[in-house]
Amino acid sequence: MIDQTETKATPTKNGKKASRIEKRKAKRQEKTSKRKVGNRKARIRAFPIWLRLIVVLFLIAASAVLGLMFGYGVIGGGAPLDALSPDTWRHILDIIEGVE
């Protein structure tokens, strides 16, 4: 039987015969060594993550309000601003609970 280690190309002193796997390992080691040395610059974000979260939450709230106004005003046939009044919501909750 042939030993599997003999079938793989082993690197010589000149590095002429190196298998793909060994080349990949060498590249990975170079990348990790560069990271450890600290050659990488710290990234300064122009739009911080906390501000992104606030903007996304604001956009979600704005789309919900606009959707309510569109649904109540255009599809429902009422005035769009009435969708935001507390009296309208009390009436809707009364219908849901079966009070009226």
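Numbering starts at 1 and runs along the sequence shown. Heavy atoms only: backbone and side chains are in, while hydrogens, waters and symmetry mates are out.
Residues satisfying the salt bridge (charged side-chain N to carboxylate O under 4.0 Å, His left out) test with R52, not counting sequence neighbours, are none. Legend: residues meeting side-chain contact (heavy atoms from CB on, under 4.5 Å) with P86, ordered by chain and number and at least two apart, are R90. The side-chain contact (heavy atoms from CB on, under 4.5 Å) check on V99 picks up D94, E97, with sequence neighbours excluded.
Here the CZ atom belonging to R45 is positioned 5.0 Å from the CZ atom belonging to R43, to the nearest 0.5 angstrom.
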Report, one line per pair, each donor and acceptor closer than 3.5 Å where one atom sits in a side chain of residues 56-66; sequence neighbours left out.
from: S63; atom 1: OG; to: L59; atom 2: O; distance (Å): 3.2
from: S63; atom 1: OG; to: I60; atom 2: O; distance (Å): 2.8

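Residue V74 shares its hydrophobic cluster (ILVMFWY side chains chained together at separations under 4.5 Å) with F70, I75.
Contact record, P80 with M69: O-CG, 3.5 Å, taken as the closest heavy-atom pair.
Every pair passing side-chain hydrogen bond (donor to acceptor under 3.5 Å, both in side chains) that includes a residue from residues 66-86 is listed here, sequence neighbours excluded: S85-T88.
In this structure, V55 and F47 have side chains that are in contact, with non-hydrogen atoms separated by less than 4.5 Å.
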